[in-house]
Number of protein chains: 2
Amino acid sequence: MDRRQEIMEAAAKSFSLFGYKATTMDQVAKIANVGKGTIYTFFSNKEELFNAIVLKMIEEMRAVSESAMVEGASFEQNAHTLLIQMLKFRKTHLLYAKLIDEEKELRTPAVIEVLAEIEGEIVSYIKAKIERAIAKGELKQCDSELVAYLLFKAYMALVVDWGKTHNGELSEERIAGLLGGTIFTSLLA
Amino acid sequence: MDRRQEIMEAAAKSFSLFGYKATTMDQVAKIANVGKGTIYTFFSNKEELFNAIVLKMIEEMRAVSESAMVEGASFEQNAHTLLIQMLKFRKTHLLYAKLIDEEKELRTPAVIEVLAEIEGEIVSYIKAKIERAIAKGELKQCDSELVAYLLFKAYMALVVDWGKTHNGELSEERIAGLLGGTIFTSLLA
DNA sequence: TAGTTGACCGAAAGTGTATTTTGGTCATAA
DNA sequence: TTATGACCAAAATACACTTTCGGTCAACTA
């Protein structure tokens, strides 16, 4: 069997279940049925193993949202489903949810770093979509990085933050309505 | 002399200098030149004293941004200066800055609560401005609460958060340009 | 007698120290 | 060569002890 693969799976399981800090290398070794030293022949340390797992999750995320996109649809529709998908993933995916929890509760530096990296990845993914839409002539020229950032933050605010201070989450339609009427329309060519 | 006033001033000074947690009631009493018991004849506990100080700061904030508004100017111009003013205050005001720091470093519950309250206050202030602009016919009908929330979060993201991940802060003009071209224009009647 | 005070109290936070856990190594084994 | 787990230093934890702090109230003033 592929030992590297088994280690990755064991680590993913443990990180998802217990978080980064509470996952010990001994535990990963035990779950993977390998000696602890074996892990270090594939990954130079705990953090690198962690990064490898997270990288895999990012790919998974990209695949999920890519599959949710519709070929002929407008930029607005696709960007909306893309972002909603991402934030749904954020809440649903066991590892992602666990990491968010750990960031809030434990403030583990490695976790904080990784989450920032994931968000950066999402933003640059949106940025690419914007640039493609501009190239296609669907959107007017704009600072794609800045707009991607703003879009991401807007969705985060409405989907994630709103519920913390107001009771009842915002419906997907209400969000689509608000942003469709404000940010999106103004981006059109 | 007004003992209540003296206590308030002493407390404001101490909270600004050392934060909520590191401020002791003994210290406030000493600075105010009163016995500790005297404080409790005006404020039922430390948290209420704190709330009183913060309430005063909120009024101060409101006054500052009110004075920065121009009577004849457009909603966009006034909302922009209002929000920029608020976020400048947030950084400049000794107490506010100290509380933000304490929230990040110590996570003091009383401080977290109070900061959330302040943000809520800012949002409802913007909300009122929006409603007035709608009544005046300057803006089209919209969910004022939601738009106020979105505006606040957008400014926070661009003014406060952007600098944490990208190097170099965004200039006021660039922010005005981005939001003027996106959110603001679409709100017009 | 209305207002002020600081000694006092229990609870909570802090401190120093013994003990355990954990990331990572490497001599040995397969 | 590759895999392993006993081993190590460093970090985390647990625990007992001390100090600090928010809040009270009997005594004290004016």
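So that the names make sense, note that chain A is the first sequence line, chain B the second, and so on, each numbered from 1. Worth knowing before you read on, the calculation uses all heavy atoms, side chains too, and leaves out hydrogens, waters and symmetry mates.
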Spacing between [X] atom [atom1] and [N] atom [atom2], to the nearest angstrom:
X	N	atom1	atom2	value
A:Glu6	D:dA3	CD	C1'	14 Å
B:Asn45	D:dC25	CG	C1'	17 Å
B:Phe50	D:dG23	CZ	P	14 Å
A:Asp2	D:dT2	CG	C1'	14 Å

Which residues end up grouped with B:Leu17 if you chain together Ile, Leu, Val, Met, Phe, Trp and Tyr wherever their side-chain heavy atoms are less than 4.5 Å apart?
B:Phe18, B:Leu94
Nucleotides 4-12 of chain D: protein proximity per nucleotide (B base, S sugar-phosphate only, - neither; heavy atom, under 4.0 Å)
BB-------
Angle between ring planes, B:His166 versus A:Tyr149, binned at 30° and 60°: parallel, tilted or perpendicular?
perpendicular
For B:Ser186, does its backbone N or O pair with a side-chain atom of B:Lys140 as donor and acceptor, under 3.5 Å?
yes
Hey, can you pull the residues of residues 106-118 of chain A with a non-hydrogen atom under 4.0 angstrom from DNA chain D?
none
Residues which pass side-chain hydrogen bond (donor to acceptor under 3.5 Å, both in side chains) with A:Tyr155, listed by chain and number, not counting sequence neighbours:
A:His80
Tested for side chain to side chain donor-acceptor pair (under 3.5 Å) against A:Ser144, the lone hit among A:Arg132, A:Lys127, A:Glu131 is A:Glu131
At a heavy-atom distance below 4.0 Å, which nucleotide of DNA chain C is the first touched by chain B, and which is the last?
C:dT4 to C:dG14
Evaluate the side-chain hydrogen bond (donor to acceptor under 3.5 Å, both in side chains) criterion for residues A:Tyr125 and A:Glu66: first the C-alpha distance (whole Å), next the side-chain angles of each, then the deciding distance (0.1 Å), finally the verdict.
CA-CA 10 Å; A:Tyr125 187 55; A:Glu66 199 73 50; 2.3 Å; yes
Salt-bridge present (B:Lys104, B:Asp101; N to O < 4.0 Å)
no
Would you indicate what A:Thr23 reaches in the nucleic acid, counting non-hydrogen atoms under 4.0 angstrom: base, sugar-phosphate, or nothing?
sugar-phosphate
4.5 Å side-chain heavy-atom contact, B:Val114 and B:Leu99:
yes
Kindly write out the residues that satisfy ring-ring contact (aromatic ring centres under 6.0 Å, His included) with A:Phe89, not counting sequence neighbours, or none if the list is empty.
A:His93
CD/A:Glu76 to OG1/A:Thr185 distance, rounded to the nearest 0.5 angstrom?
7.5 Å
For a quick test of reading the model, state the closest non-hydrogen atom pair linking A:Val123 to A:Ala148 and the distance between them.
O-CB, 3.6 Å
